[in-house]
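Source: prediction; values computed, not measured. Quick note on labels: first sequence line is chain A, next is B, and so on, each numbered from 1.
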Number of protein chains: 2
Amino acid sequence: MQNNKLPTIKEIAKKLNVSVSTVSRALHDHPSIGLVTTMRVHKVAKELGYEVNKSAIYFKERKTYTIGVIIPSLAEPFFSSALCGVEDFAGQFNYNVIIGQSLDSFEREQRIVENMKDHRVDGILVSLTKETSTYEHFDNLKKYNIPIVFFDRVPQKKDIHFVSCNLHSGMLQAISRFVDAGHKKIGLINGPAKMAATLQRLEIYFKCLKENNLPINYDIIASTTLSKEDNVKAIKKLIDQEEIPTAVMVFNDYVLLDCIATVKAAGLEVNKDISFISFANLPIWEYMDTRPLASIEQFSYKQASIATDFLFKLIDANNKGESTEIDYLQQIIDSEIVNY
Amino acid sequence: MQNNKLPTIKEIAKKLNVSVSTVSRALHDHPSIGLVTTMRVHKVAKELGYEVNKSAIYFKERKTYTIGVIIPSLAEPFFSSALCGVEDFAGQFNYNVIIGQSLDSFEREQRIVENMKDHRVDGILVSLTKETSTYEHFDNLKKYNIPIVFFDRVPQKKDIHFVSCNLHSGMLQAISRFVDAGHKKIGLINGPAKMAATLQRLEIYFKCLKENNLPINYDIIASTTLSKEDNVKAIKKLIDQEEIPTAVMVFNDYVLLDCIATVKAAGLEVNKDISFISFANLPIWEYMDTRPLASIEQFSYKQASIATDFLFKLIDANNKGESTEIDYLQQIIDSEIVNY
DNA sequence: GTTGACTACGCAAACGTTTGTGTAATTTTT
DNA sequence: AAAAATTACACAAACGTTTGCGTAGTCAAC
């Protein structure tokens with residue numbers, strides 16, 4: 001029904017008997033075009049409902065004003081909140097955001113990177129898959145001059161741009177909180193061994209224990225693959241002892257939910273017989289009856305915002321053709337505990 | 001450092017002393033190109049690391065293989081789950097998804113639509129702002145042949161493609177559940193008057209009461225602007241009576257959380273003194289101690305998936321140049337209660 | 001040995017825009 | 001009044017790809 005064809009600069013030119021270059025310049029109010037002509041062009045453009053064809057410009061400029069975000073899962077509040085940060089920030093710069101869910105599959109991550117590269121995005125933000133331990137698929141992007149900034153789940157290497165969260169500050173606050181409350185036996189429920197976050201949490205846990213002059217006791221350290229039954233198994237390991245830990249650091253809120261249910265079922269009272277502090281990834285505790293003492297907040301929104309800022313800096317540098325590789329943009333923000 | 005320029009079809013052509021058209025066809029294994037030439041082209045293409053410039057193709061084909069999704073907020077699980085549905089579905093078709101958060105602002109919604117139009121997306125999925133009551137900004141898209149499918153929060157008009165959720169089925173199940181449990185005084189806490197969902201819930205509430213031969217009683221109907229204090233005010237209205245409603249339908253889970261806290265604070269016991277069923281938008285109840293009797297699930301993921309399917313049908317029709325306006329694609333799926 | 005059919009490829013236009021360069025016409029300078 | 005400068009525009013190339021059409025060359029058929 002509608003006229004399928006959108007008006008172009010050519011049609012304006014024809015209508016006014018001027019050249020397309022004149023029209024183009026007039027539309028940009030270029031000084032070399034006379035005032036009358038400029039006005040006439042604007043008038044006709046408006047009449048025709050002309051709008052630039054951005055696809056043409058993207059093509060010509062070799063830019064798309066689009067950035068890609070690769071996150072493990074949209075369903076996780078931690079990441080949807082991060083995406084929110086990206087979107088808010090990118091929107092202000094009139095950039096579009098395309099998303100890709102890796103669903104924690106390395107293969108999907110590769111495919112998404114490939115796809116975004118094909119789409120010629122101007123830059124990519126990534127939070128890695130649990131499985132990701134090699135980074136060739138990202139290194140490839142350098143050939144295409146597509147900058148990449150990692151956030152939260154970042155590669156274990158130094159020659160990258162990234163934003164991550166320092167668990168030490170939060171964990172230290174957490175342990176202090178426990179210690180101040182009189183706890184001496186502070187356990188840990190950790191994640192899957194292959195996740196970078198797991199090793200990190202363990203190291204920092206040790207470090208913080210040391211800083212508080214507490215002994216390391218492997219009987220009160222458990223790990224889980226994050227499945228429900230494994231979570232239950234982990235907490236059961238800790239409470240199936242004569243002398244159970246009175247405080248436990250828990251890998252994340254999902255795990256903690258299972259822990260809470262399990263200890264309750266075992267007849268223990270949370271925050272009395274046993275206290276918890278978790279690494280926050282669910283914004284639910286304020287609505288819950290049974291809460292951990294506190295959570296260690298890792299500020300996904302903030303991380304993502306900073307990462308996006310970095311990305312725009314890099315894209316900018318690209319535009320200006322600053323071939324001299326600028327320094328790696330890296331920022332580690334402090335985690336903090338939030339009390340409940 | 002890197003060679004900034006990506007190899008093009010031209011360079012392959014030059015290298016082999018053939019024309020670009022030959023290369024193009026060879027790359028697509030066109031039968032009119034000899035086998036040897038085809039193979040040589042493929043070989044050189046591989047050597048050079050050639051990849052098609054999709055921007056060029058997008059431009060030429062006037063397509064971007066990208067769809068836009070406009071949702072009120074990524075932070076709401078209901079919508080991030082919907083986005084998840086879109087992404088999963090679109091990914092299978094090798095389509096990209098760009099997102100826009102309206103943040104329930106009509107003005108932002110307009111801007112996002114504009115932006116997506118500029119970006120020449122192939123289609124748009126929308127869940128409306130609470131404020132949206134006029135639709136010119138969407139009607140505009142027809143000029144550009146950009147199909148649009150609404151989901152969940154859909155316009156109050158008939159000449160659109162949409163997927164929405166029928167509250168009647170779920171509400172009827174809910175009221176029946178209450179009635180079966182012996183409840184006779186079933187209240188309602190509704191949303192802001194200007195939201196379409198509010199009127200709808202009210203009408204269906206009346207209808208379901210009628211179908212169960214229950215009287216309408218305005219003393220046990222309240223409404224809230226969805227702010228915390230308003231939520232509290234609403235539930236207080238219901239329980240500050242001699243004879244309180246023993247069952248209440250609640251606008252959504254956020255409201256319900258406040259209701260539960262409030263009735264507890266008032267010394268009432270949930271599921272004994274007063275029972276609730278809410279319209280689900282938070283996937284948290286299975287982790288909570290105090291739960292509603294059930295929730296009315298509106299299947300955001302499913303709605304979004306179907307809407308995406310519709311959108312692809314429309315895009316397909318567009319591609320085939322089926323100018324004959326195909327019928328409006330409309331589907332109303334049944335809500336269902338899920339018990340806790 | 002003139003047709004006709006195939007094969008295998010090249011030419012050029014087209015998509016819409018921007019931009020460097022060229023050039024008349026007009027105005028200013030000397 | 002001739003030279004120089006300025007104004008206001010046009011021309012054409014370029015971005016990378018696809019595709020309709022044209023055309024040499026080969027081979028078989030009559």
Heavy atoms from other residues, nucleotides or ligands near NZ of B:Lys157 exceed 12 (cutoff 6.0 Å)
yes

Whether the side chain of A:Thr22 and the base of D:dC9 hold a donor-acceptor pair under 3.5 Å is what I'd like checked.
no

Atom-pair distance (CZ on A:Arg62; P on D:dA14), nearest Å:
12 Å

Taking atom P of C:dT7 as reference, at what distance in whole Å does atom CG of B:Leu35 sit?
14 Å

For a quick check, tell me whether the side chain of A:Arg25 and the base of C:dG20 share a donor-acceptor pair closer than 3.5 Å.
yes

Within the 4.0 Å heavy-atom criterion, would you say B:Thr37 contacts the bases, only the backbone, or no part of the nucleic acid?
sugar-phosphate

Does any N or O donor sit under 3.5 Å from an N or O acceptor when you compare the side chain of A:Ser19 with the base of D:dC9?
no

Rounded to the nearest angstrom, tell me the gap between atom NE2 in B:His30 and atom C1' in D:dG20.
10 Å

Of A:Ser24 and A:Lys10, whose nearest nucleotide on DNA chain C comes first from the 5' end?
A:Lys10

Given C:dA14, C:dA12, D:dA14, the nucleotide with the shortest approach to the side chain of B:Val20
C:dA12

Which nucleotide in the set D:dA12, D:dC15, D:dT17 lies at the smallest distance from any side-chain heavy atom of B:Tyr50?
D:dT17

To the nearest angstrom, the CD-P distance between A:Glu61 and D:dA14 comes to 18 Å

Tell me the interatomic distance from B:Lys60, atom NZ, to C:dA13, atom P, rounded to whole angstroms.
13 Å

Decide yes or no for B:Ser127 and B:Pro72: does some side-chain heavy atom of the first lie under 4.5 Å from some side-chain heavy atom of the second?
yes

Selected nucleotide, minimal atom distance to B:Thr8 side chain, candidates C:dC9, C:dC11, D:dT17
D:dT17

I want to check a possible cation-pi pair here: B:Lys60 against B:Tyr58, using under 6.0 Å from ring centre and within 45° of the ring axis as the test.
no

Choose from D:dA10, C:dT17, D:dG16 the nucleotide whose nearest atom is closest to any side-chain atom of B:Ala56.
D:dG16

Is B:Phe59 stacked against the base of D:dT17, taking the criterion as centroid distance under 5.5 angstrom and interplanar angle under 30°?
no

The answer to which of B:Ser21 and A:Glu51 contacts DNA chain C further toward the 5' end, by nearest nucleotide, is B:Ser21

From the list A:Glu107, A:Arg153, A:Glu109, A:Arg108, side-chain hydrogen bond (donor to acceptor under 3.5 Å, both in side chains) with A:Thr129 holds only for A:Glu109

Is the shortest side-chain heavy-atom distance between A:Val86 and A:Phe89 below 4.5 Å?
no

How close or far is atom C1' of D:dT19 from atom CD1 of B:Ile9, stated in whole angstroms?
12 Å

Rounded to whole angstroms, how far apart are NZ on A:Lys63 and C1' on D:dG16?
19 Å

Expressed as a whole number of angstroms, how long is the span from B:Leu27:CG to C:dA8:P?
17 Å

